[in-house]
Structures are given as structure tokens and as C-alpha cells.
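Some notes on the structure that comes next.
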Number of protein chains: 2
Amino acid sequence: MAGTRRTQGILGGRSDDVVERVLEAALAEVARAGYAGFRIADVATQANVHKTTIYRRWPDRAALVGAVVDRMRQPIEQTPLPDTGALETDLLEAFSRRATFGRKREGQAWAMLLAERHSEEVSALIGHTVFARRDAWHAMIERAADRGEIPRDTDGPRVLHLIRALVDAQPGDAAWLGVAVRTVLAGVRAGTVLRETGPAAR
Amino acid sequence: MAGTRRTQGILGGRSDDVVERVLEAALAEVARAGYAGFRIADVATQANVHKTTIYRRWPDRAALVGAVVDRMRQPIEQTPLPDTGALETDLLEAFSRRATFGRKREGQAWAMLLAERHSEEVSALIGHTVFARRDAWHAMIERAADRGEIPRDTDGPRVLHLIRALVDAQPGDAAWLGVAVRTVLAGVRAGTVLRETGPAAR
DNA sequence: ACAAGAAGGCAACTCCCCGTCGCCATCTTG
DNA sequence: CAAGATGGCGACGGGGAGTTGCCTTCTTGT
């Protein structure tokens, strides 16, 4: 039963190579064409691998792009969120990391996927990234409330949602990020983003 | 030369009917499947018209969806922007009109297209809608500045851009719209959205 | 009322991409 | 070094986008 051991486990030698090349090419392909324009056949060509080989390891496009996303996510999720002592700088730092992590390719690929995040498939793929660390983000807001920077009953998740919506509208634009963060914070301080407020949160 | 007159001009009778039914079905199709999932063959079926007939009048998907968009746009663009005497209510009114104009179908179709607006093709189709009336919108901001509601050197286009980005992130959600408008206005009043400010607009 | 000609119905066809299959070649490992 | 895992290869079924040629039906001026 020689050669049986690697069926699904850690791969070595040739297989490792193939996986590496395919993932590399797939990342480039996402950066180039996003999810909708993603052609498995093109990835195969770029990776010098046959189309079938890809399908054997990743059942379909979603699985392959999913693998690419997983790989991009690691470096970012393993760094703790900033704690600079001021909410504004925390947010600026955290979001700018998110925007420009890794080498250029990753950032670009990420921007492409963000642009398509309204598609069911894409949002299923990238939905986790901020969401997974919800507690850490929420703690960031809590700290600011404890310091008295913002009202006690500020709606933390909504604050993040506002900033994220703004940032994602213009990913990778540092000036825009600054305006977005400062503008939302002005609103937060003015109490426009409170929990459970009636119809109008004047 | 009977029957020659209507080649491209105003159509009557049968043709009118066909155009109407096709556009109606196409609107429903956009509302159902957005642009990416838009199948001309399905439109044909829904409209009780042959696929070929559609292709004869509209060269491709973009043209057909474009026609649908044009049609949705008219009712909205022919109403002047509100002038209630306060920027907040002006914005609330203007954006909520945009979100829920016409019958339900139009609003839904619009939301679908918004969701896909990052695709080149889609943004080319819907890009105008707010942009076309840039001057009117800008005047709305100017009036507020004249009344002293916001700083004189507020960056009007950017204010609109901020609100639009926020609103479009959650189209059709009235509560969200309220928070978005009030939050951005708080920032504007605090001077976070000024023209030509240096690196940081504290 | 009617003939000319515009508009619509229909089916077959070309492209192009997705994902699958069967068969054969090559690499890895006990 | 042989067994068996892995990859290469080409063909195929499926489905949607547009196109084309031909025929049927409707509209309109006279």
C-alpha cells in the first residue's frame, strides 16, 4: 500500500507544488477579474496545471476562491486589534490595516471581492472576516465609552457598520478613510448612533 | 409605401404593445435577478414574445436594462429636489424619494442594480441618476451654508458622496437612512468635511 | 378593401464557459 | 521497484448569449 498516506492529509512534493501554484494563480485571477469574471480554465493555464487537476481538489469556483480567501485572512486575523488609547486612532489603524494588508496582490483581490460582496456567493465567502472578530471590535468601542469619549449607550455594532459601509465604498483610499472615520465619530459623539432610541435619534 | 412611417419613430398598435410588455417583463426580471442573472430568454417568455424580437429592438442585455433604467429615472428626475428650509429634512426627503420611488417593483429593481453597481457595466447604466442633477443637489447644500447651518467651506460633493455611500449600503431601510443622514450632518457641522483641507481635517 | 412592407414568430446555429468522465502517464513511497 | 496516488489530456453534456434566414401576421395609405 505504498503511496497511500497522503490522500487528504498534509501533502508533500509534487502535490504541494501544484496546490501552491494554483492558489497563487487563483489569487492573481481574483485580483484581475474578481469573482464573476473568475475563469478556472485561466487559473489552470497560469498555474501550468490542467483544468481537471483543479476540479479534483476544489469542487468548484466557490471552493477555490474560498481557499484563496482563507489564506488571505490568516495574517490579518492573527494580529490583535489596536489599542492606542483613542477611538479615532484605533479605528484609523484597524481599518487601514484591513485595507492594505499583505502584498499588493492580496489587497487588490480583496477590493475586487468587496466590490462584489452583494452577490450571495461572494458575501458567503468573505462575510466572516470582520464578523468573526466581532467581540474584539466591540471591546474597542467599549473602551472608548469607558474613557468617556462617546456616549455610554452608543450602538457599537452600528457604529462599525457605518464606518465599514463608508470605507468599503472606496477601498484603499486613505484620505477617504480619514474623512469617514472622523465624520462617523462626530455623529457618534453627537449621539446620533444610540441603542434602542425611538423613531428619531435627534 | 404604406406601413413605412413607423420605422424608428413613435410606435403604434402592436409594436407599442410589445415594447410595453417587454419593458414590463424586463423590469420584473431585474427586480428578480439583478443584472448578472438577467436572462433575455426569460424576459421573452414572461412577455409572451420571441427572443429574437427583443434582440431586434435592443441589441443586447445592456441596452434592454438601460431602457428599463431610463424609464425608472423619468418620474424621479422630473420632480424638483425638496427645499424645506433645513438641510436635514431636505436630505431625508430627497434620499427617501430615491429609495422608494414608484411602485414596489421599481424600488426593488433599483436596489438590485445598486447592489451590483461595482461592475463596470452596471455602473455605466445607473451612474447618471444622482450625478445628472449634480447642480441641483449642490444648490441644496449651498442653501444650507447660506442659512448658516453648516460651515461655509463644506465640501458639498463629498457630503453627498458620504451619504450616498451609506444609504446605498442598505437601500430601502428608512431607519438606516435617518441615522446615515444625521450622522454625516453631525460630521459636517463639526467640520470634518471641508474643502481643500490639509492631511487631517480635525 | 387591399397590397406593400414593417414587425413578430420560429428554429437552427455559432460561441463560449462550466463542470464531468474515462483513459493514460508520471511521481512518490514503503 | 511495484502499488497506488496524483496529474495530463481530450471529449462531452449542459446551458446561456447573440445571430440568421425564412415565414406569418399586423398596420396603414390609398
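In what follows, chains carry the letters A, B, and so on, assigned in the order in which the sequence lines appear, proteins first and then strands, with residues in each chain numbered from 1. FYI, side chains are in, hydrogens and waters are out, and symmetry mates aren't considered; it's all heavy atoms of this structure.
In this structure, the side chain of A:E88 does not engage the main chain of A:L185 through any donor-acceptor pair within 3.5 Å.
A sub-4.0 Å separation between OP1 or OP2 of D:dG7 and a side-chain N or O of A:H50 is absent. At D:dG8, one or more side-chain N or O atoms of A:T53 fall inside 4.0 Å of OP1 or OP2 (strictly under the cut-off). Contact annotation: B:Y55 does not reach the phosphate of D:dT19 (side-chain N/O to OP1 or OP2, under 4.0 Å). Contact between the side-chain N/O atoms of B:R56 and the OP1/OP2 oxygens of D:dT19 is not found at any separation under 4.0 Å.
Across every non-hydrogen atom of B:L194 and B:P151, the tightest pair is CD2-CB, 4.0 Å.
Note: CH2 (A:W58) to C1' (C:dT20) measures 18 Å, nearest angstrom. Rounding to whole angstrom units, CD1 of residue A:I54 and C1' of D:dT6 are separated by 14 Å. When rounded to the nearest whole Å, the span between CG of B:N48 and C1' of C:dC10 equals 15 Å. Rounded to whole Å, atom C1' of D:dG18 lies 11 Å from atom CZ of B:R61. One atom, CG of A:D60, and another, C1' of C:dC17, lie 14 Å apart when rounded to the nearest Å.
Taking B:D70 as the reference, B:R73 meet the side-chain hydrogen bond (donor to acceptor under 3.5 Å, both in side chains) condition, with sequence neighbours excluded. For B:W176, the ring-ring contact (aromatic ring centres under 6.0 Å, His included) partners are A:H161, not counting sequence neighbours.
In this structure, the side chains of A:R57 and A:L64 stay at 4.5 Å or more apart for every pair of heavy atoms. Residues A:D17 and A:R21 meet the side-chain proximity criterion, which asks for heavy atoms closer than 4.5 Å. Using a 4.5 Å heavy-atom threshold, the side chains of A:M72 and A:L27 count as touching. Counting heavy atoms from C-beta on, the side chains of A:M140 and A:R133 never come closer than 4.5 Å. Under the 4.5 Å side-chain criterion, counting only non-hydrogen atoms from C-beta, A:D90 is not in contact with A:L81. The side-chain heavy atoms of A:F38 and A:V43, taken from C-beta on, include a pair separated by under 4.5 Å.
Of the candidate nucleotides D:dG7, D:dG18, C:dG8, D:dG7 has the atom lying nearest to any side-chain atom of A:R57.
Residue pairs that meet the side-chain hydrogen bond (donor to acceptor under 3.5 Å, both in side chains) test with at least one member in residues 34-46 of chain B, sequence neighbours left out, are B:E29-B:Q46, B:Y35-B:E121.
Contacts between residues 39-47 of chain B and DNA chain D, defined by a heavy-atom separation under 4.0 Å, are made by B:R39, B:I40. Residues from residues 116-124 of chain A placing a heavy atom under 4.0 Å of any atom in DNA chain D do not occur.
In the interface, the side chain of A:K51 is paired with the base of C:dG19 through a donor and an acceptor atom under 3.5 Å apart. One N or O donor and one acceptor, one from the side chain of A:T52 and one from the base of D:dG10, sit under 3.5 Å apart.
Under the side-chain contact (heavy atoms from CB on, under 4.5 Å) rule, B:I150 has a single partner from B:D146, B:T154, B:D153, which is B:T154.
In the helix from C:dA1-D:dT30 to C:dG30-D:dC1, the rotation axis of the first five pairs and that of the last five pairs differ in direction by 20°, rounded to 10 degrees.
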